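Structure first, then comments.
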Amino acid sequence: LLELMHNLLNFDITPHNISKEEQFKLEMLHNTHIYAIKKRKRELRSPNQEEYKRWPFELIQNSVDCIPKDGEVIYNPDKNGIIEFDFKEDRVIYTHYGSPFTNRDLISLLYQYGGMKDENPSKIGRFGTGFLSTLILTYVVHVSGDFYSEEDGKLSGFEVTINRQGNTNAELNNRIKEMDKTKKMNLPTKGETKFIFELPPNLNDNDISLKAYNEGFNSLIENVPHVLIFNPSIKSIIITKGKEKISFNRANPRCQIETI
């Protein structure tokens, strides 16, 4: 299955040029992914208070898993350990500067394939089911970053748009196919990983997304100092909203507020 999923990163994989066995495995992967999406959507019909606040910290945890540890290659020395949130009116932009995606990381992100977690316990939930917590904010996410090929050691950029709109199996399966078509591989390196969470239109009319947006922001401001204490690999977390930029730095525990 991993070999098949590796092929999903290439554009030429279609039902017309893979074997019947591979097509069957591909459909199993899609069905497993659809099940996870539908299950999470059902849970979010009546979210509890913690779920409105949880999504930013799942993103931070993913970033912590990506920050190179001692002895590992640092791909962006100037910004390694820096995490940024930008709360705009129509989107939330999340950026970090850790290690690039491997094939398994990218598959885990796109299809919530969780088989890798047990193989490397230090990567707790990296891009797996925990990433589904962001469904409370939006169903559409643009992802860009760098991809490290373990086959030839090459580093290149990539982009993909994840769209989890829809309720039926057919609708969600079509979204997966659309996502596969948006993948752009072998781009120039980017030096960062960026998630752009497109908020639903008419945000004020969408109570769940609006509440997740506001509660997520407020919870970040309140809890980032604790995050820094328990995650020494993070150098700083920068939160921007409107004309205000709030920086939390390990070297200076008090937040710095700047008008931009």
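Just so you know, these numbers come straight off a predicted model, no measurement behind them.
For the pair S233 (side chain) and I67 (backbone), a donor-acceptor distance under 3.5 Å is absent. Looking only at distances, no side-chain donor or acceptor of S209 sits under 3.5 Å from a matching main-chain atom of T138. Formation of a donor-acceptor pair under 3.5 Å by the E171 side chain with backbone atoms of T168 is found in this model. A donor-acceptor distance shorter than 3.5 angstrom exists from the side chain of K41 to the backbone of G166, with no hydrogens or angles considered.
Looking at every heavy atom in both residues, I237 comes nearest to I60 through CD1-CD1, 4.1 Å. The two residues P56 and L220 make their nearest non-hydrogen contact at CB-CG, 3.7 Å. Closest non-hydrogen pair, P77 versus K235, comes out as O-NZ, 4.1 Å. I82 approaches D78 most closely through the heavy-atom pair CD1-O, 4.1 Å. For the residue pair G191 and N76, the shortest heavy atom distance occurs at O-ND2, 2.9 Å. When every heavy atom of H96 is checked against every heavy atom of G98, the shortest pair comes out as ND1-N, 3.1 Å.
Taking the six-membered ring where tryptophan is involved, the planes of Y213 and F87 are perpendicular, since the angle between them exceeds 60° and thus also 30°.
Residues M179 and N163 form no side-chain contact, since every pair of their non-hydrogen atoms from C-beta on lies 4.5 Å or further apart. Proximity of L228 to H226: side-chain heavy atoms (C-beta onward) are nowhere separated by under 4.5 Å. The closest side-chain heavy-atom distance from W55 to S133 is below 4.5 Å. At least one side-chain heavy atom of K211 sits less than 4.5 Å from a side-chain heavy atom of Y52. Side-chain contact between I162 and R164: present, with at least one pair of heavy atoms (C-beta onward) separated by less than 4.5 Å. With contacts defined as side-chain heavy-atom distances shorter than 4.5 Å, the pair E244/I246 qualifies. Contact check for I239 versus I221: side-chain heavy atoms found under the 4.5 Å cut-off. Residues F217 and V92 have side chains not in contact (no heavy-atom distance under 4.5 Å, counting atoms from C-beta outward).
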Does the side-chain hydrogen bond (donor to acceptor under 3.5 Å, both in side chains) test come out yes or no for T102 and D105, once each step is laid out? CA-CA 5 Å; T102 64; D105 294 331; 3.1 Å; yes
Going through the distances and angles, do Y75 and L155 end up as a side-chain contact (heavy atoms from CB on, under 4.5 Å)? CA-CA 10 Å; Y75 290 86; L155 189 67; 3.9 Å; yes
For K38 and N169, what are the C-alpha separation, side-chain angles and deciding distance, and is it a side-chain hydrogen bond (donor to acceptor under 3.5 Å, both in side chains)? CA-CA 9 Å; K38 291 178 72 173; N169 285 18; 2.8 Å; yes
Walk me through it: do L106 and M185 pass the test side-chain contact (heavy atoms from CB on, under 4.5 Å)? CA-CA 11 Å; L106 191 52; M185 307 300 294; 4.1 Å; yes
Begin from the C-alpha positions of I234 and I83 and carry the test side-chain contact (heavy atoms from CB on, under 4.5 Å) through to its verdict. CA-CA 8 Å; I234 300 176; I83 292 172; 4.0 Å; yes
Using the rule given for side-chain contact (heavy atoms from CB on, under 4.5 Å), can you reason through V141 versus E198, listing the C-alpha separation, both sets of side-chain angles and the distance that settles it, and then say yes or no? CA-CA 6 Å; V141 187; E198 294 285 353; over 6 Å; no
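A salt bridge links K39 to E43: one of the charged nitrogens lies within less than 4.0 Å of a carboxylate oxygen. Contact check on E178 versus R175 returns a salt bridge, with a Lys/Arg side-chain nitrogen under 4.0 Å from an Asp/Glu carboxylate oxygen. A salt bridge does not link R104 to E150: none of the charged side-chain nitrogens sits closer than 4.0 Å to a carboxylate oxygen.
Linking Ile, Leu, Val, Met, Phe, Trp and Tyr residues whenever their side-chain heavy atoms come within less than 4.5 Å leaves I93 and V143 in two separate clusters. Connection of V64 to F230 is not established within any shared hydrophobic cluster, with ILVMFWY side chains joined at heavy-atom distances below 4.5 Å, either directly or through further cluster members. One hydrophobic cluster, built from ILVMFWY side chains closer than 4.5 Å, cannot hold both I238 and F57; they sit in different ones. No chain of hydrophobic side-chain contacts below 4.5 Å, direct or via other Ile, Leu, Val, Met, Phe, Trp or Tyr residues, connects L199 to I196. Residues L109 and I136 fall within the same hydrophobic cluster, defined by Ile, Leu, Val, Met, Phe, Trp and Tyr side chains chained together at heavy-atom separations under 4.5 Å.
For the atom pair I74 CD1 and K79 NZ, the distance stands at 15.5 Å (nearest 0.5 Å). Between the OG1 atom in T240 and the CG atom in D86 there is a gap of 5.0 Å [rounded to 0.5 Å]. To the nearest 0.5 Å, atom OG1 of residue T134 and atom OH of residue Y139 are 11.0 Å apart. Of the inter-residue distances, the one linking S63 atom OG with F195 atom CZ reads 7.0 Å to the nearest 0.5 angstrom. Remark: L135 CG to L137 CG distance equals 9.5 Å, nearest 0.5 Å. Taken to the nearest 0.5 Å, the CZ atom of F197 stands 12.5 Å off from the CZ atom of R91.
Ring-centre distance between F101 and F158: below the 6.0 Å cut-off. Proximity of the aromatic rings of Y94 and F85 is defined here by a centroid distance below 6.0 angstrom, and this criterion is met.
Under the 6.0 Å distance and 45° angle rule, K194 does not count as a cation-pi partner of Y97.
Of the options E50, E58, E51, a salt bridge (charged side-chain N to carboxylate O under 4.0 Å, His left out) to R54 is made by E58 and by none of the others.
Sparse packing is recorded around CD of E89, with 12 or fewer heavy atoms of other residues, nucleotides or ligands lying under 6.0 Å away.
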